[in-house]
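Structure, as structure tokens:
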2 protein chains.
Amino acid sequence: MTSAGVASLKNQTVIAVDAMGGDDAPEMVIDGLAIACDRHPDTRFLVFGDEARVVPLLEKHPKLKAACTMVPTEDVVAGDAKPSVAVRSGRKSSLWLAIQAVKNGDAAGVVSAGNTGAFMAMSKLVLRTLPGIDRPAIATIVPTQRGDNVVLDLGANSECDANNLVEFAIMGDAFARTVLGLEKPLVGIMNLGSEEGKGTDSEREAADTLKNSPLPINFHGFVEGDDLSKGTVDVIVTDGFTGNVMLKTLEGTTKLYSHFLRQAYGSSWLAKLGYLLSRPALNRLKSRVDPRRYNGAMLLGLNGVAVKSHGGTDAFGFACAVSVAQDMISQGINDLIRSEIEKLSLPGKGASRAVAG
Amino acid sequence: MTSAGVASLKNQTVIAVDAMGGDDAPEMVIDGLAIACDRHPDTRFLVFGDEARVVPLLEKHPKLKAACTMVPTEDVVAGDAKPSVAVRSGRKSSLWLAIQAVKNGDAAGVVSAGNTGAFMAMSKLVLRTLPGIDRPAIATIVPTQRGDNVVLDLGANSECDANNLVEFAIMGDAFARTVLGLEKPLVGIMNLGSEEGKGTDSEREAADTLKNSPLPINFHGFVEGDDLSKGTVDVIVTDGFTGNVMLKTLEGTTKLYSHFLRQAYGSSWLAKLGYLLSRPALNRLKSRVDPRRYNGAMLLGLNGVAVKSHGGTDAFGFACAVSVAQDMISQGINDLIRSEIEKLSLPGKGASRAVAG
């Protein structure tokens with residue numbers, strides 16, 4: 001329960017946790033860790049935060065307490081802080097120090113529900129990108145008609161060239177193979193039409209590279225916006241601008257539909273009675289698309305595992321984000337990305353990068 | 001009922017119709033025109049298509065027949081034809097000749113449910129863009145929590161600079177004022193965050209121009225993907241790549257939700273009974289978000305009104321697309337766009353185009 005003994009934890013999976021990030025931190029974070037601790041009894045947590053607030057919360061969960069090492073920190077990165085400011089002035093924050101623990105080898109991964117931009121900026125600076133990766137990406141899992149999809153990038157990079165998209169494909173493929181357990185995930189590039197020749201140079205050149213590369217990637221070609229819900233492929237690759245708008249459109253449409261449904265059910269006593277009878281089935285549907293189950297935006301392409309939980313999630317949602325980090329660590333996602341990137345850069349194998357780096 | 005007498009129709013609203021475009025053409029088109037004819041008794045239709053197939057269909061609708069002038073055409077643009085090929089070899093097609101009727105002054109607008117890419121390419125070539133408009137855009141209406149939204153561009157332009165986005169804002173604003181009847185529509189630019197400084201140069205420069213221009217545009221600033229369903233603004237401006245992915249994501253999510261709901265209702269006899277009781281309310285919801293009511297993609301920025309109906313729509317949907325064209329013509333949308341563009345180019349008024357044309 002003190003910062004001593006951190007180094008001795010190296011033989012177990014250790015996850016660094018920013019206890020102060022998120023709307024209801026640190027309560028939500030510690031309650032979430034208690035759930036995660038039940039799911040992953042062999043994992044230890046380095047908990048970074050305000051000791052006076054966090055320790056009393058840990059007292060309520062004796063099993064979790066035994067699995068935690070408290071690392072007292074003084075500062076907190078505000079949810080609305082500019083990433084550039086946070087990077088300069090937040091070096092004593094729980095977020096910075098949690099990321100630093102991964103850099104130092106004290107933890108294999110870091111989870112935070114705090115400021116996304118600051119988390120990404122700090123992680124890039126502290127952990128650096130994997131060899132051969134130009135830019136890290138933010139990925140997430142989305143439920144579809146056929147199963148789960150991995151989508152990236154969600155906003156780390158507004159503009160992407162063909163090389164970036166190819167790297168995202170490699171990272172998304174590695175995620176789908178290690179964490180989703182798919183043997184040959186189908187990878188598609190988002191475009192405004194599925195025919196060859198559509199889109200900008202970035203999409204076309206990235207598609208050419210993926211088609212002609214020695215990578216064992218199962219490349220489908222271009223997909224369109226509605227392929228996300230159809231589950232046409234397992235991995236959807238796009239620039240951060242499009243990915244961000246796409247995911248938020250999906251979230252907004254889901255909320256709009258729920259809003260209209262509630263209105264419909266409330267519009268007459270017959271409709272209300274109908275709702276009561278259908279409720280068990282509707283609740284099963286709700287739990288199937290429960291956004292908490294899909295909580296966790298993965299920062300891919302870094303030397304270390306970094307998972308961003310939604311700031312407004314609850315303990316169950318935070319535990320899901322911890323599980324994602326745990327899976328990424330235990331399945332060795334970064335080793336896989338590293339070896340794939342090496343294949344791409346091997347000379348004389350027909351592997352050419354789409355755009356000169 | 002012959003091609004003679006076309007010129008004498010000039011004092012009425014005349015709409016040119018491609019009878020051969022769409023999955024169920026010409027039957028769906030003529031049945032749709034019959035509905036449109038009831039809604040707009042003062043409108044005349046120039047019907048371009050295969051006389052042998054169209055005339056017998058018109059015989060079934062005597063009132064419509066009296067409002068139509070048949071213009072026999074020999075060719076049809078295939079739904080999967082490449083736009084560049086259609087433009088070269090489709091000069092005798094019903095689509096080309098219907099557009100040509102607008103150019104010749106025989107009609108004020110054209111409606112087709114045919115090949116979108118060919119329709120856009122032919123319209124650009126035949127009608128040309130309005131003075132001061134660099135690129136036309138495709139716009140549509142989307143239902144939101146607060147009312148209807150206009151969204152553009154939906155795919156006419158994969159990449160857009162700041163000038164293009166400013167022109168889209170002017171065209172979307174004019175559409176919302178004339179067709180939706182909003183006095184001061186709120187206009188937003190789609191971005192991956194609502195804070196200033198987010199996005200690419202195009203979004204930032206376009207926002208600066210709209211903030212500092214003498215245009216009477218009610219500019220809200222940046223919006224995000226979920227603002228589409230929330231109805232945060234009335235007009236959403238974006239590049240054609242993002243707009244296309246966004247709209248298709250919205251359509252796909254709606255379908256996914258319906259799919260999950262059907263599964264839930266079918267999962268037990270209790271849920272089925274609940275569905276039966278709620279059905280009237282659910283049907284009202286369904287009619288509220290009926291995609292046929294929102295059928296019609298407007299090709300804005302051309303010398304003439306051009307509306308693309310969904311290829312897979314039915315007669316009711318086609319009639320809605322005709323109504324949109326009718327509204328655009330009678331409300332003088334292009335006169336409004338013309339006068340706004342002039343304001344933007346007036347020298348010495350602080351109006352500078354964001355990017356040198």
Side-chain angles (χ1 to χ4, degrees), chain A residues 82 117 143-145 154-155 158-159 190-193 198-200 203 224-230 238 240-261 263-268 270-282 284-285 288-289, chain B residues 117 143-145 154-155 158-159 190-193 195 198-200 203 224-230 238 240-261 263-268 270-282 284-285 288-289:
Chain A
K82 275 201 165 185
T144 79
Q145 217 158 315
L154 300 182
S158 291
E159 287 169 288
M190 184 54 62
N191 205 335
L192 79 177
K198 286 270 181 182
T200 71
E203 284 82 33
E224 303 180 52
D226 52 341
D227 288 306
L228 175 59
S229 294
K230 281 186 200 159
T238 188
F241 193 100
T242 308
N244 186 289
V245 171
M246 188 169 75
L247 253 284
K248 285 177 184 162
T249 300
L250 184 149
E251 287 168 11
T253 311
T254 305
K255 276 185 197 154
L256 178 68
Y257 218 108
S258 308
H259 166 85
F260 280 159
L261 259 188
Q263 277 195 337
Y265 282 127
S267 64
S268 73
L270 212 59
K272 276 179 201 154
L273 180 61
Y275 170 70
L276 286 176
L277 296 177
S278 319
R279 193 158 58 179
L282 292 171
R284 278 195 300 277
L285 159 64
R288 180 162 167 191
V289 295
Chain B
T144 79
Q145 217 156 318
L154 300 183
S158 291
E159 286 170 288
M190 185 54 60
N191 205 333
L192 79 176
E195 306 85 1
K198 287 268 181 181
T200 71
E203 284 82 32
E224 302 179 52
D226 51 341
D227 288 305
L228 174 61
S229 294
K230 281 186 199 160
T238 188
F241 192 100
T242 308
N244 186 288
V245 171
M246 189 168 74
L247 252 286
K248 285 178 185 161
T249 300
L250 183 149
E251 288 168 9
T253 311
T254 305
K255 276 186 198 154
L256 177 68
Y257 217 106
S258 309
H259 167 84
F260 280 159
L261 260 186
Q263 277 196 336
Y265 281 127
S267 65
S268 73
L270 213 59
K272 274 179 202 155
L273 181 60
Y275 169 70
L276 286 176
L277 296 178
S278 317
R279 192 159 56 177
L282 292 171
R284 278 195 300 278
L285 159 66
R288 181 163 168 191
V289 295

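Each chain gets a letter, A, B and so on, in the order its sequence line appears, and its residues count up from 1.
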Minimum heavy-atom separation for A:Phe241 to B:Met190, with atom names? CZ-O, 3.5 Å
Residue selection (most heavy-atom pairs with chain A, distance under 4.5 Å) from B:Glu159, B:Glu195, B:Lys198, B:Lys230: B:Glu159
Counting N and O atoms only, with roles assigned by atom type, does the side chain of B:Lys248 sit under 3.5 Å from a partner on the main chain of A:Leu192, one being a donor and the other an acceptor? yes
Do B:Glu251 and B:Thr254 meet the criterion of a side-chain donor-acceptor pair at a distance under 3.5 Å? no
Any luck finding a side-chain donor-acceptor pair between A:Ser258 and B:Tyr257 under 3.5 Å? yes
Cut-off 4.5 Å, heavy atoms of chain B, and the answer for A:Gln145 is both
Side chain from CB out, backbone as N, CA, C, O: work out which of these in A:Pro280 comes under 4.5 Å of a heavy atom of chain B, or both, or neither. neither
Option that, when pairs with chain B are counted at under 4.5 Å, heavy atom only, ranks first among A:Thr144, A:Leu154, A:Thr238, A:Leu228: A:Thr144
Portion of A:Leu261 that has a non-hydrogen atom of chain B nearer than 4.5 angstrom: both
Please look at A:Asp227 and chain B and tell me whether the side chain, the backbone, both or neither of the residue comes under 4.5 angstrom of a heavy atom of that chain. neither
Just give me the residue among B:Leu273, B:Leu247, B:Leu250 that pairs up with chain A most often, heavy atom to heavy atom, under 4.5 Å. B:Leu250
May I have the step-by-step check of side-chain contact (heavy atoms from CB on, under 4.5 Å) for A:Lys255 and A:His259, ending in yes or no? CA-CA 6 Å; A:Lys255 276 185 197 154; A:His259 166 85; over 6 Å; no
Where on A:Leu270 is there a heavy atom nearer than 4.5 Å to chain B: the side chain, the backbone, both, or neither? both
For chain A, find which of B:Gly193, B:Gly252, B:Ser229 contributes the most heavy-atom pairs closer than 4.5 angstrom. B:Ser229
Scanning both residues in full, the closest heavy-atom pair of A:Ala271 with A:Ala264 reads CB-O, 3.6 Å
A:Tyr275 versus chain B, the contacting section by heavy-atom distance below 4.5 Å: backbone
A:Asn244 versus chain B, the contacting section by heavy-atom distance below 4.5 Å: side chain
Student check: side-chain heavy atoms of B:Arg279 and B:Leu276 closer than 4.5 Å: yes
What closest approach, in Å, do A:Ser278 and B:Gly274 show between heavy atoms, and which atom pair accounts for it? OG-CA, 3.3 Å
